[in-house]
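Here's the structure, in structure tokens; my notes come after.
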Amino acid sequence: MALTSELDRVREELATAQHDLEASRVIRGELALELANATSDRKLAEERARDRTA
């Protein structure tokens with residue numbers, strides 16, 4: 001009986017860890033997208049600034 005409850009607890013911890021891992025992957029993906037957008041915005045602003053001075 002104690003082994004069964006311990007196994008259930010470990011399974012629950014594993015499920016929580018898997019959920020947390022997936023959430024962190026989603027967050028990292030969102031951050032990567034924000035970084036790519038910011039980089040693109042910066043490059044566009046630099047090009048516009050160059051065009052104004054040319």
Side-chain angles (χ1 to χ4, degrees):
M1 185 87 170
L3 185 57
T4 301
S5 62
E6 180 67 13
L7 183 56
D8 289 343
R9 184 188 65 76
V10 170
R11 284 183 178 146
E12 186 175 321
E13 286 181 12
L14 177 59
T16 299
Q18 288 172 327
H19 179 267
D20 291 348
L21 178 60
E22 182 60 28
S24 71
R25 286 179 177 154
V26 169
I27 292 168
R28 279 198 321 258
E30 291 171 352
L31 289 173
L33 182 57
E34 285 184 36
L35 178 60
N37 287 337
T39 301
S40 177
D41 290 347
R42 180 185 51 80
K43 287 180 181 179
L44 183 58
E46 289 172 352
E47 288 174 10
R48 288 181 180 164
R50 267 195 308 269
D51 289 346
R52 277 184 251 144
T53 60

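Start at 1 with the first residue, then count along the sequence.
Only one option out of Val26, Leu21, Ile27 pairs with Ser24 in a side chain to side chain contact (heavy atoms under 4.5 Å, CB included); it is Leu21.
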Show your reasoning for whether salt bridge (Lys or Arg N to Asp or Glu O under 4.0 Å) applies to Glu12 and Arg9.
-> CA-CA 5 Å; Glu12 186 175 321; Arg9 184 188 65 76; over 6 Å; no
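A distance of 10.0 Å separates CG in Leu44 from CD in Glu46, rounded to the nearest 0.5 Å. For the atom pair CZ of Arg48 and NZ of Lys43, the computed distance is 15.0 Å after rounding to the nearest 0.5 Å.
For Glu22, the side-chain hydrogen bond (donor to acceptor under 3.5 Å, both in side chains) criterion is met by no residue, not counting sequence neighbours. Residues satisfying the side-chain hydrogen bond (donor to acceptor under 3.5 Å, both in side chains) test with Glu30, not counting sequence neighbours, are none.
Looking at Thr39, its side chain does come within 3.5 Å of a backbone N or O of Leu35 through a donor-acceptor pair.
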